[in-house]
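For reference, the structure is listed below as structure tokens.
Quick caveat: nothing in here was measured; it's all calculated off a predicted structure.
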Amino acid sequence: MMEHMGKKKPRPRRSFTREFKAEIVELCQRGDRSIGQVAKDFDPAETAVRYWIRQAEVDTGRPIRVTIHPSTSSVALIV
């Protein structure tokens with residue numbers, strides 16, 4: 001019983017359509033919400049959203065401009 005204390009249950013792995021991912025990346029680009037807020041609003045993990053943004057940059061060959069919440073220490077996505 002004690003081995004379960006303080007451990008968060010992992011999220012089941014989910015899959016999302018290309019269209020959904022593209023829509024999420026677009027929402028992040030608009031700048032009216034942070035990556036974290038978009039993730040919270042639409043329920044993918046924030047790390048997944050960040051990965052989709054990086055992948056979109058690779059696919060398009062250009063940087064994706066996004067809004068990052070000031071409390072986030074990573075600013076690698078802002079160009």
Side-chain donor/acceptor pairs under 3.5 Å, residues 17-27, sequence neighbours excluded:
unit_1: T17; atom_1: OG1; unit_2: F20; atom_2: N; d: 3.0
unit_1: E26; atom_1: OE2; unit_2: R30; atom_2: NH2; d: 3.2

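Across every non-hydrogen atom of A39 and E46, the tightest pair is CB-CA, 3.8 Å.
Taking the side chain to side chain donor-acceptor pair (under 3.5 Å) definition, one finds that D41 meets it with R33, Q37, sequence neighbours left out. Listed by chain and number, the residues in a side chain to side chain contact (heavy atoms under 4.5 Å, CB included) with T60 are R62, I64 (sequence neighbours excluded). With sequence neighbours left out, the side chain to side chain donor-acceptor pair (under 3.5 Å) criterion links R14 to D43.
Among residue pairs with one or both ends in residues 37-61, those qualifying as ring-ring contact (aromatic ring centres under 6.0 Å, His included) are F16-W52; sequence neighbours excluded.
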